[in-house]
Amino acid sequence: MDHIQKKTSIRPDEILKLANSVSNANLKDEATLRQLIAQVSKLANTPVSKEKEDQIVQAIIKNNMPMDFASLAKMFNKK
């Protein structure tokens, strides 16, 4: 966790809080997905355009995207 914090400046407790919210979330619910995307965006200090948010939501709902944190992070970091 210390390595992640040094690399991302995100505190371990924030990561655990997000992980807990994702593990209990209904990932087929669009409103829930948009809320999670906003949380990750805020944590990563990376703005997500409406277009990118729509793409992420549709990819998750249609099961066209892996559901691991690393893949999500890569999607957020693409410019």
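- Looking at heavy atoms from C-beta onward, I37 lies out of side-chain contact with K42 at the 4.5 angstrom threshold.
- At distances below 3.5 Å, not a single donor-acceptor pair connects side-chain atoms of T32 with backbone N or O atoms of E30.
- Counting heavy-atom neighbours within 6.0 Å of N45 CG, excluding the residue itself, gives a total of 12 or less.
- Exactly one residue among V57, I60, L27 makes a side-chain contact (heavy atoms from CB on, under 4.5 Å) with L36. That residue is L27.
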**Working for side chain to side chain contact (heavy atoms under 4.5 Å, CB included), residues L33 and I56** = CA-CA 9 Å; L33 286 172; I56 294 168; over 6 Å; no

**Prompt:** What do the steps show when you test D54 against K50 for salt bridge (Lys or Arg N to Asp or Glu O under 4.0 Å), and what is the final call?
**Reply:** CA-CA 6 Å; D54 291 343; K50 176 72 169 135; 3.2 Å; yes

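- No salt bridge links R34 with D29; every basic N to acidic carboxylate O contact stays at or beyond 4.0 Å.
- Minimum interatomic distance between I61 and K28 (heavy atoms only, all atoms of both residues): O-NZ, 2.9 Å.
- Heavy atoms only, all atoms of each residue included: S41 and P47 are closest at OG-CA, 3.8 Å.
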